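First up is the structure itself, then whatever we jot down about it.
Computed from a predicted model, the values in this text were never measured in an experiment. Counting starts at 1 for both ligands and their atoms, following the listed order.
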Amino acid sequence: MTDTLTILGLESSCDDTAAAVVRHTPGQPAEILSSVVVGQTDLHADFGGVVPEIAARAHAEKIDGCVEAALTNASLTLLEMDGIAVTAGPGLIGGVISGVMCAKGLCAGSGLPLIGVNHLAGHALTPRLTDGVQFPYLMLLVSGGHCQFLIAHDVDEFTRLGGTIDDAPGEAFDKTAKLLGLPQPGGPAVEVEALSGNPKRFPLPRPLLDRPDCDMSFSGLKTALLRTRDAVVAEDGGLRRQDRADLCASFQSAVSDVLVAKTRRALRLYLEQNPARPTLAVAGGVAANQKLRAGLETVCAEQSAAFIAPPLALCTDNAAMIAWAGMERFRQGHRDDFTLSARPRWPLDRKSPSMLGSGKKGAKA
Ligand code: KG4
Ligand code: ZN
């Protein structure tokens, strides 16, 4: 028996339907043989956020095609897989059910083993897929639905050092874009506007920086931005281009300052316990933000830690990370049966209480 494993991964927990094939031989870099992601931005564009029912239907319609395309692009058949990994939560429940049902059907038909994967573990284990990072390491997950610091000790063992107590930063970027009449997804649009803006013009709050922990809050920032916008409109009779650019730059600076300051704390805490493994990795769409990245690189340089940022396509939602996380669990002997259920909430750190929020995409843990 060879140690080489080939796993098909399925992802459908938010607004991307995805399938991927990943192959790995111990001691060698992992290979992503295919990775197909079908987004739903257009379907939700009129609603200013992801509509769960629309998302679930789209996942149910698209997932078979994604699986077929992933196998075709990898030039492999289903029976050449060693197992099927699927996101079993956390996320929007209708979408998660679509993926889990599809994976169960494929396993029932093929006899392949089924492996349920936590979506957050998919993100958190990505630095091992892309860069072969060894445990332990510190992880910052920062996207439209997640925002937390995790110490990754092992495939199934994480400690949460802190995270958002309300909105995720990507959600705040998206709402800011909406308030300023910019297109969705908001993060990239706000970042482009901010390039020509003055980040010091509007002094927006930096919530929870006075607290010594690693928790964050972004919902107040969004409200502050709304009030500031209304004040500018009331004073000038409208929002000029420069006003909009200055609002974007001020907002981006506030988010980045909070994330950078809290990362500095989280990294210090992590290094106190793990001085031999000085590594910070990031994942999530917001990690694409150049100002934030530059700030995180500075924090790592200050504390002599390596900064690992996987390619953007593997930072945002994808199925290669699910195939990889499934493979890691599979190697540890984990198998699921057909009682595997879809879970809307599933904190990675079982000891720390989950932080609830009212996220656009649903705060996921
Ligand atoms: O990880 P992701 O693709 O999906 C999940 O939320 O799971 O992240 C998408 C989020 C969106 O909210 C988007 O506005 C944000 O990431 N984003 C950015 C940037 N690119 C994407 N936020 C700030 N700056 C960016 N350049
Ligand atoms: Zn995600």
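- Every N/O-N/O distance between Asp16 and ligand 1 stays at or above 3.5 Å.
- Geometric assessment of Arg265 against the ring of Tyr270 yields a negative cation-pi assignment under the 6.0 Å and 45° thresholds.
- Summary: OD1 is the N/O/S atom of Asp317 found nearest to the Zn ion (ligand 2).
- Shown in contact with Thr316 at under 4.0 Å from a heavy atom are these atoms of ligand 1, numbered in order with element: 1 (O), 3 (O).
- Atoms of ligand 1 lying under 4.0 Å from any heavy atom of His146, numbered from 1 in the order shown and given with element: 7 (O).
- Ligand 1 has a nitrogen or oxygen under 3.5 angstrom from a nitrogen or oxygen of Asp317.
- Contacts classified as ring pair (Phe, Tyr, Trp, His ring centres under 6.0 Å) and involving residues 4-33 (residues at least two apart or in different chains) are given here: His24-Trp324.
- Counting non-hydrogen atoms of other residues, nucleotides and ligands closer than 6.0 Å to CZ of Arg57 gives a total of 12 or fewer.
- The cationic atom of Arg335 (NZ for Lys, CZ for Arg) lies less than 6.0 Å from the six-membered ring centre of Phe330 and within 45° of the ring axis.
- Residue pairs meeting the ring pair (Phe, Tyr, Trp, His ring centres under 6.0 Å) criterion with at least one member in residues 77-107: none, sequence neighbours excluded.
- At least one heavy atom of Pro188 sits less than 4.0 Å from an atom of ligand 1.
- Tested against Arg23 for a side-chain hydrogen bond (donor to acceptor under 3.5 Å, both in side chains), the candidates Thr4, Thr6, Asp82 yield a single pass: Thr6.
- Under a 4.0 Å criterion applied to the non-hydrogen atoms of Gly145, ligand 1 contributes the atoms 6 (O).
- On a distance-only criterion, Gly284 and ligand 1 share no N/O pair closer than 3.5 Å.
- Between Lys222 and the options Asp167, Asp166, Thr176, a side-chain hydrogen bond (donor to acceptor under 3.5 Å, both in side chains) holds for only Asp167.
- Screening Arg343, His119, His59 for a side-chain hydrogen bond (donor to acceptor under 3.5 Å, both in side chains) involving Ser13 leaves a single residue, His119.
- Some N or O of Asp174 is nearer than 3.5 Å to an N or O of ligand 1, by distance alone.
- A side-chain donor from one of His123 and Asp317 sits under 3.5 Å from a side-chain acceptor of the other.
- Checking only distances, Glu191 does come within under 3.5 Å of ligand 1, N or O to N or O.
- Rounded to 10 degrees, the NE2-metal-NE2 angle spanning His119 and His146 at the Zn ion (ligand 2) equals 100°.
- Any N or O atom pair closer than 3.5 Å counts here, and Pro185 shares no such pair with ligand 1.
- Using a 4.0 Å cut-off to heavy atoms of Gly144, the atoms of ligand 1 that qualify are 5 (C), 6 (O), 8 (O), 9 (C), 10 (C), 12 (O).
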